[in-house]
Amino acid sequence: MPSLGLALVLLVSLVSPTSSCTEQEKSSLLQLLAGLSQDGGLTTSWQHDTDCCTWEGITCNQDRKVTDVSLASRGLEGPISLFLGNLTGLLRLNLSRNLLSGGLPLELVSSSSILVLDISFNRLTGGLSELPSSTPARPLQVMKSLVILNASSNRFTGQIPTTQCVSAPSFVVLELSFNQLSGNIPPGLSNCSVLKLIGVGYNNLNGTLPNELFNVTTLEHLSLPNNRLEGALDGISKLTNLVTLDLGGNELSGNIPESIGDLKRLEKLHLEHNNMSGELPAALGNCTKSIYSCSKLTALRLSYNPFHGQLSEKIGNLKSLLFLSLANNSLTNITRTLQMLSSSRSLTTLYIGCNFLHETMPEDVSIDGFQNLQVLSINHCSLCGKIPDWLSKLPNLGMLFLQGNQLTGPIPEWISSLNFLFSLDISNNSLTGEIPRFLMEMPMLE
Ligand SMILES: *[C@@H]1O[C@H](CO)[C@@H](O)[C@H](O)[C@H]1NC(C)=O
Ligand SMILES: *[C@@H]1O[C@H](CO)[C@@H](O)[C@H](O)[C@H]1NC(C)=O
Ligand SMILES: *[C@@H]1O[C@H](CO)[C@@H](O)[C@H](O)[C@H]1NC(C)=O
Ligand SMILES: *[C@@H]1O[C@H](CO)[C@@H](O)[C@H](O)[C@H]1NC(C)=O
Ligand SMILES: *[C@@H]1O[C@H](CO)[C@@H](O)[C@H](O)[C@H]1NC(C)=O
Ligand SMILES: *[C@@H]1O[C@H](CO)[C@@H](O)[C@H](O)[C@H]1NC(C)=O
Ligand SMILES: *[C@@H]1O[C@H](CO)[C@@H](O)[C@H](O)[C@H]1NC(C)=O
Ligand SMILES: *[C@@H]1O[C@H](CO)[C@@H](O)[C@H](O)[C@H]1NC(C)=O
Ligand SMILES: *[C@@H]1O[C@H](CO)[C@@H](O)[C@H](O)[C@H]1NC(C)=O
Ligand SMILES: *[C@@H]1O[C@H](CO)[C@@H](O)[C@H](O)[C@H]1NC(C)=O
Ligand SMILES: *[C@@H]1O[C@H](CO)[C@@H](O)[C@H](O)[C@H]1NC(C)=O
């Protein structure tokens, strides 16, 4: 009897009208499907006689209203349906990494519920800015709740939109990199009072950084590389919360203002490939007296320089170093270099090729460490010696480059114990013996 009762309860809840999404929401989603020329196999799950809350990629709230449409990387091809605007409870729409084309429908832009809109990595065209202003009936009633807009890697044209700065008081992320946007950085961005990220790199923006931009003091990430921005950087220090400042690949001029030192949270500064002049300000100079005082440095690339002699033991101060490239210098004493670096717990990538000419590959058992090393390149050094046994103790090694040396002896058997190794180059040495069979049986090796 109790099991019959349970069955009845189940039956009742199945037929109860509140247990399914509304016909209107279901038909809006089916309209999206119908408009696609490639639906990535969604039809098998999106059946009109089932509850759309159970469909793949769809999430509903307790009231059976659709809140999430998550259809990233599904191979969807065709337009974004304007009927998605009928999903009045929609909070998050993620259509990234598909082959969607056409414009962003006005009906969607007028949504007052959407918080997160991710349409990045598609083939969408048209303007992002014109859309809102062409709804005279609902001026500025666009995307009232919007917090995150990611429309990067599309083919959008026209100007950077700013209406969301006024209509959506909680707007935080504007990510539009890799499009074809043009014109100036709009002063209207200063109405975005809680904006934390502006990413409009790799577009065709020109003009100067407007003073109004420096009023958006909530900004943490300002990334506008590879445009045609000009003018000086004066005023940037007002953005005291900046963590990332990337203005590389523009036409900026003038010097780096001394006040850049006021940006106490700054972690990344990219100003390469501009037309700037003058001296590096002292604020940055604390790091230039000796590179070894930058204890938080995570990546150091010094390859293709005429550095010579032995590496300073102060390299050990760089406790956070993940990536180190010293390739193609004139460094000497490979034994000492490896001993100093092997104690680094953080290091994952080490390039030291084209140095240490005609030295001997150390067999030294005191090379102990490199616990996290994933990439090791000691190529084109004309080193003699053998493929050394200490390499067998690097459990995480994925790439090993030893080509262009004069190493002798056989290919050691322990190579098969490097379970993560997927790339190995030991060409152009003087190795002898057979090419061992186990090399063909290593699962990861490409
Ligand atoms: C659904 O969306 C379409 C296209 O925007 C619109 O014509 C229609 O009125 C909407 N239906 C409802 C019930 O809102
Ligand atoms: C959208 O989905 C992709 C793939 O799952 C994910 O990487 C991305 O972070 C999502 N976007 C947002 C804004 O959460
Ligand atoms: C789009 O940008 C948002 C916010 O920066 C991010 O969370 C999301 O992962 C991005 N989407 C993709 C596909 O990378
Ligand atoms: C900020 O928004 C208001 C209201 O729409 C507008 O009048 C003003 O011009 C905007 N500010 C800027 C700098 O564009
Ligand atoms: C920006 O480029 C447009 C053409 O795309 C041009 O009309 C405009 O004068 C340029 N503005 C500045 C400030 O260089
Ligand atoms: C920046 O903000 C200050 C005060 O908040 C205001 O007086 C000034 O006019 C603003 N500047 C611009 C260029 O918007
Ligand atoms: C680079 O800056 C100098 C002034 O420092 C200026 O004379 C020159 O025209 C600028 N070149 C370009 C390509 O902007
Ligand atoms: C450089 O560092 C020293 C001590 O670490 C500090 O007293 C000084 O203020 C710093 N200089 C600048 C310009 O940040
Ligand atoms: C190393 O750099 C020099 C120039 O600094 C170049 O001539 C040489 O070809 C480079 N060697 C290799 C192996 O790339
Ligand atoms: C190389 O470094 C080692 C210490 O690791 C040292 O004993 C040796 O003398 C050095 N060789 C030269 C030529 O300086
Ligand atoms: C092999 O290495 C030697 C130096 O050890 C170099 O002279 C030669 O060019 C290299 N050959 C190839 C094919 O890379």
Side-chain angles (χ1 to χ4, degrees), residues 40 42 56-59 66-76 80 84 90-100 104 108 111 113-124 127-130 143 145-161 164 168 170-187 189 192 194-213 216 218-232 241-244 246-247 249-254 268 274-275:
L42 278 183
E56 256 181 67
I58 306 300
T59 308
V66 174
T67 55
D68 291 74
V69 174
S70 309
L71 298 174
S73 306
R74 294 254 175 185
L76 307 182
I80 299 180
L84 286 177
L90 190 60
L91 302 177
R92 286 164 292 263
L93 176 59
N94 192 339
L95 299 173
S96 72
R97 299 186 191 275
N98 285 294
L99 300 164
L100 299 168
L104 183 60
L108 206 52
S111 159
S113 63
I114 294 183
L115 303 175
V116 178
L117 179 61
D118 192 343
I119 48 172
S120 59
F121 298 93
N122 280 288
R123 299 167 174 180
L124 299 167
L128 281 162
S129 52
E130 293 100 74
M143 300 201 131
S145 318
L146 197 63
V147 176
I148 295 177
L149 172 62
N150 187 346
S152 63
S153 298
N154 278 287
R155 297 166 189 176
F156 287 115
T157 50
Q159 291 197 305
I160 298 177
Q164 73 280 5
S170 311
F171 192 58
V172 172
V173 172
L174 177 64
E175 177 52 85
L176 303 173
S177 305
F178 295 96
N179 277 289
Q180 294 156 22
L181 301 173
S182 56
N184 297 345
I185 308 227
L189 282 177
C192 275
V194 295
L195 201 59
K196 286 193 177 172
L197 183 150
I198 299 179
V200 202
Y202 299 86
N203 280 278
N204 297 318
L205 305 176
N206 64 0
T208 58
L209 298 177
N211 283 330
E212 288 82 354
L213 181 67
V216 190
T218 50
L219 263 189
E220 294 177 3
H221 307 279
L222 178 61
S223 182
L224 301 167
N226 294 63
N227 282 288
R228 288 182 288 128
L229 300 171
E230 57 190 34
N241 285 307
L242 276 188
V243 177
T244 308
D246 186 353
L247 298 170
N250 281 289
E251 292 161 17
L252 299 171
S253 52
K268 280 190 191 164
N274 275 290
N275 185 26

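Remember, it's 1-based here, ligands and their atoms both numbered in the order they're listed. Positions are given from 1 along the sequence.
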Mind listing the closest non-hydrogen atom pair of Asn250 and Leu224 along with its distance?
-> ND2-O, 3.0 Å
Is the closest side-chain heavy-atom distance between Leu174 and Leu189 below 4.5 Å?
-> yes
Are any non-hydrogen side-chain atoms of Thr244 and Leu222 less than 4.5 angstrom apart?
-> no
Using modelled atom types only, decide if a donor and an acceptor are shared between the side chain of Asn98 and the backbone of Arg74 within a distance under 3.5 Å.
-> yes
Ligand 3 atoms nearer than 4.0 angstrom to some heavy atom of Ser96 are 13 (C)
Residue-ligand contact Ile148/ligand 2, heavy atom below 4.0 Å | no
Is the closest side-chain heavy-atom distance between Ile198 and Leu213 below 4.5 Å?
-> yes
Dump the pairs for me: ligand 5 N or O, protein N or O, distance under 3.5 Å, to 0.1 Å.
unit_1	atom_1	unit_2	atom_2	d
ligand 5	2 (O)	Asn206	ND2	2.2
ligand 5	11 (N)	Asn206	ND2	3.0
ligand 5	14 (O)	Asn206	ND2	3.4

Under 3.5 Å, is there a donor-acceptor pair between the side chain of Asn179 and the main chain of Arg155?
-> yes
Between Ser96 and Asn94, do the side chains contain an N or O donor and an N or O acceptor separated by less than 3.5 Å?
-> yes
Note: ligand 2 atoms sitting under 4.0 Å from heavy atoms of Asn94 are 1 (C), 2 (O), 3 (C), 8 (C), 10 (C), 11 (N), 12 (C)
Should you measure from each heavy atom of Ala72, which atoms of ligand 2 turn up under 4.0 Å away?
-> 2 (O), 3 (C), 4 (C)
Within the distance-only criterion (no hydrogens, no angle test), does the side chain of Glu175 pair as donor or acceptor with the backbone N or O of Ser177 below 3.5 angstrom?
-> yes
Give the numbers and elements of all ligand 3 atoms closer than 4.0 Å to a heavy atom of Ser120.
-> 11 (N), 12 (C), 13 (C)
Answer with side chain, backbone, both or neither: which part of Asn150 has a heavy atom less than 4.0 angstrom from an atom of ligand 2?
-> neither
Test side-chain hydrogen bond (donor to acceptor under 3.5 Å, both in side chains) applied to Gln180 - qualifying residues, sequence neighbours left out | none
Just which atoms of ligand 2 are under 4.0 Å from any heavy atom in Val116?
-> 13 (C)
Has ligand 3 got any nitrogen or oxygen that is less than 3.5 angstrom from a nitrogen or oxygen of Arg97?
-> no
Note: Asn203 and Leu176 closest approach over all heavy atoms is ND2-O, 3.1 Å
